[in-house]
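Structure first, commentary second.
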Amino acid sequence: MILIENLVKNYGKNKVLQGVTLNVPRGGLFGFVGVNGAGKSTLIKCLLQFVLPQSGRIAIDGKSILEFPSYKKILGYLPEVFQPPLDLRCGEFLNYCRELLQNRKRLQGKNNASQTTESLLRLVGLPGQQHTLIRHLSKGMRQRLGLAQTLVHDPKILILDEPFSGLDPIGRHELKALLRTLHGEGMTIFFSSHNLTEIQDLCTHLAILHAGFLQASAPVSDLLAQHQETNLENVFLKLVRYTP
Amino acid sequence: MKPIIRYTILEILRSRIYLSALGLLLILVGVSWLGGKINDNFGAVWVSILSFGMGLSQILVTAIALFLPVFHMAMEYEQGSAQVFWAKIESRSIYYFGKFCAFWILLVLLIVLAALVIGGLALLSDASLIQISFLKYFIFGQILQSACILSLVFLLYALIRSPVAASLLTLLTIYFGILFDTTLNTALQSQSFFLKLFYYALYYGMPNLSYFNFENHIIYQQNLSISYLSGSALYALCFTGVCVNLANVVFGRREV
């Protein structure tokens, strides 16, 4: 579904991505792991064209994103740090995001749009908050609203940058359940994380990035079998050649 | 682009900064009324109200144009909501131009409100002497001036990415623009072709806000010719057009 080939990105002399090649399969729940500064966020930024790589190619469904500018209509994205505009109401924010992607005239009737917004809010655990000012939501609730905005246009691919950061244990549990549900419905989910337990618990596929190089990219079960380990933390430490 | 304009306006209208600005505007115009009552330098209270009111409103509108848009956009970037919006549109230029339009509409709203308050107070002080319709020149001039200032601050923010630096550099450029207001005379008197060219370049290159200052015409209730007003509008259109287009190109291409 997403094919990244020989991606190279430097910030001045700092080589962040050095020939990364990665294939995210359709319908996969793909975890992307690396230490701080490994290049995870930069790779996501390349995918969204926030930064331009020095070389390499990114394709979605076989089409290069440079030749397919409307590819963003099939993506949902949640950045690592996210705070929605505080002076909008939850429903207004979701409508804002929806209208950016769709022609307003093409949107469904007002009642239907309102129903969609309410069902989205219910899905992320914010029922009845459509008219609440975002300023009055807690941090965890804002994160959930962030997740809701990724789903406003029924995307095929979700790209989440550290989605579990800042969530309490119940929030994490609910987010995992939601990602499983979306994955079950056939959505391709690509997310970066530091937490290997969460990835082992949740993902079908895993990629490990270290110092700009891709160390591994495979189904989680294959990776565990290949390294004869039962937990991903040991596989990760082996692959990044960690010595205490 | 329409959702960006609509929801930005909605957000800013609800924000404390804009509400504070509206409150401050009322206070400033009220102060100008008091000032006019206490110190009647102009011979008539309504003239003082017009003069002080327009001056103070102009300072407030300029300050908002300089600081509010860039700090708003910088905050959206820091908080990640800008990235969420950029991930949904084909080009970041759409976002940037949408923000420009939204803030200009907000400034126009503030200017019209200021004119209404100033006019109302002036009428209250002496309704028989003033023709309030002359305040249309204030509205016209301020709308054009705010477009120029806004476009310049958007261009500098696209180039240097720092809201503080963009605002202060714009302020500095406006200040130099006022200083170079006399260079037209110098250019006309200059004998050397190159010096003449240099002074002309300085005069036309720097933002010249004196084109939009119709204070004397409003106070002395003199009509302005259509050709002069058209010239001012054309200058604002060219200046804003160049700055906004450059800003959109730079912002659309820059790495974020």
Side-chain angles (χ1 to χ4, degrees), chain A residues 9 11 41-42 44-53 65 68-89 92-105 107 133-135 142-143 145-150 152-153 155 157 159 161-162, chain B residues 1-22 68-99 101-103 106 109 158 161 248-256:
Chain A
K9 176 64 193 169
Y11 290 118
S41 294
T42 301
I44 289 176
K45 282 180 177 180
C46 288
L47 200 56
L48 293 159
Q49 291 188 312
F50 291 169
V51 297
L52 292 175
I65 57 170
F68 173 37
S70 60
Y71 78 99
K72 288 179 179 174
K73 290 187 177 175
I74 59 165
L75 292 185
Y77 167 63
L78 179 67
E80 183 182 357
V81 180
F82 177 68
Q83 175 149 293
L86 298 180
D87 290 307
L88 291 182
R89 298 180 196 284
E92 287 166 350
F93 174 64
L94 293 182
N95 287 337
Y96 184 3
C97 293
R98 189 182 290 121
E99 285 173 32
L100 282 175
L101 286 148
Q102 291 166 292
N103 188 330
R104 202 175 182 220
K105 284 176 190 163
L107 284 174
L133 270 180
I134 295 169
R135 174 179 296 286
R142 288 175 194 172
Q143 184 80 352
L145 186 65
L147 198 68
Q149 64 76 25
T150 63
V152 285
H153 54 301
I157 305 167
I159 297 172
D161 197 355
E162 308 273 0
Chain B
M1 196 173 70
K2 282 181 192 166
I4 297 172
I5 300 174
R6 193 167 57 249
Y7 287 102
T8 303
I9 291 175
L10 184 65
E11 191 191 343
I12 298 296
L13 281 178
R14 273 192 200 140
S15 74
R16 288 162 195 174
I17 295 172
Y18 197 76
L19 292 175
S20 310
L22 287 177
L68 186 59
V70 282
F71 276 91
H72 165 84
M73 286 189 290
M75 197 176 73
E76 272 198 349
Y77 178 71
E78 292 300 323
Q79 295 178 342
S81 49
Q83 288 86 327
V84 163
F85 300 141
W86 298 339
K88 295 186 193 314
I89 48 179
E90 284 182 19
S91 159
R92 284 193 297 277
S93 305
I94 298 170
Y95 167 88
Y96 211 51
F97 190 54
K99 289 286 178 189
C101 295
F103 280 100
L106 286 164
L109 208 69
R161 304 180 190 199
N248 283 343
V249 170
V250 173
F251 194 80
R253 289 186 182 180
R254 84 179 201 188
E255 295 201 329
V256 287

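Model, not experiment: these values are computed from the prediction.
Note that the CG atom of A:Leu101 and the CD atom of B:Glu90 stand 10.0 Å from one another [nearest 0.5 Å]. Going from atom CD of B:Glu11 over to atom CG of A:Asp87 covers 6.0 Å, rounded to the nearest 0.5 Å. The OG atom of B:Ser91 lies 8.0 Å from the NZ atom of A:Lys72; values are rounded to the nearest 0.5 Å. Between the CG atom in A:Leu100 and the NZ atom in B:Lys2 there is a gap of 13.5 Å [rounded to 0.5 Å].
Both the backbone and the side chain of B:Ile4 have a heavy atom closer than 4.5 Å to some heavy atom of chain A. Neither the backbone nor the side chain of A:Arg142 comes within contact range of chain B; no heavy atoms are under 4.5 Å apart. For A:Tyr71, no part sits under 4.5 Å from any heavy atom of chain B, backbone or side chain. Proximity to chain B (any heavy atom under 4.5 Å) is shown, for A:Phe68, by neither the backbone nor the side chain.
The closest side-chain heavy-atom distance from B:Trp86 to A:Leu48 is not below 4.5 Å. In this structure, A:Leu133 and B:Arg14 have side chains that are in contact, with non-hydrogen atoms separated by less than 4.5 Å. Side-chain contact between B:Arg92 and A:Phe50 is present, with heavy atoms from C-beta onward closer than 4.5 Å.
Without hydrogens or angle criteria, B:Lys88 side chain to A:Glu99 main chain gives no donor-acceptor distance under 3.5 Å.
Heavy-atom pairs under 4.5 Å with chain B peak, among A:Leu52, A:Leu86, A:Leu75, at A:Leu52. Ranked by heavy-atom pairs shorter than 4.5 Å toward chain B, the options A:His153, A:Gln83, A:Gln49 are led by A:Gln83.
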For residues 74-81 of chain B, dump all side-chain donor-acceptor pairs below 3.5 Å to protein atoms at least two apart in sequence or in another chain.
unit_1, atom_1, unit_2, atom_2, d
B:Glu76, OE1, B:Tyr95, OH, 2.6
B:Glu76, OE1, B:Lys99, NZ, 3.3
B:Glu76, OE2, B:Lys99, NZ, 3.2

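No more than 12 heavy-atom neighbours from other residues, nucleotides or ligands sit within 6.0 angstrom of CZ on B:Arg253. Remark: B:Ile17 CD1 is loosely packed, at most 12 non-hydrogen atoms of other residues, nucleotides or ligands lying under 6.0 Å away.
Using the six-membered ring where Trp is involved, B:Tyr7 and A:Tyr96 have ring planes that are parallel, under 30° apart on the 30 and 60° scheme.
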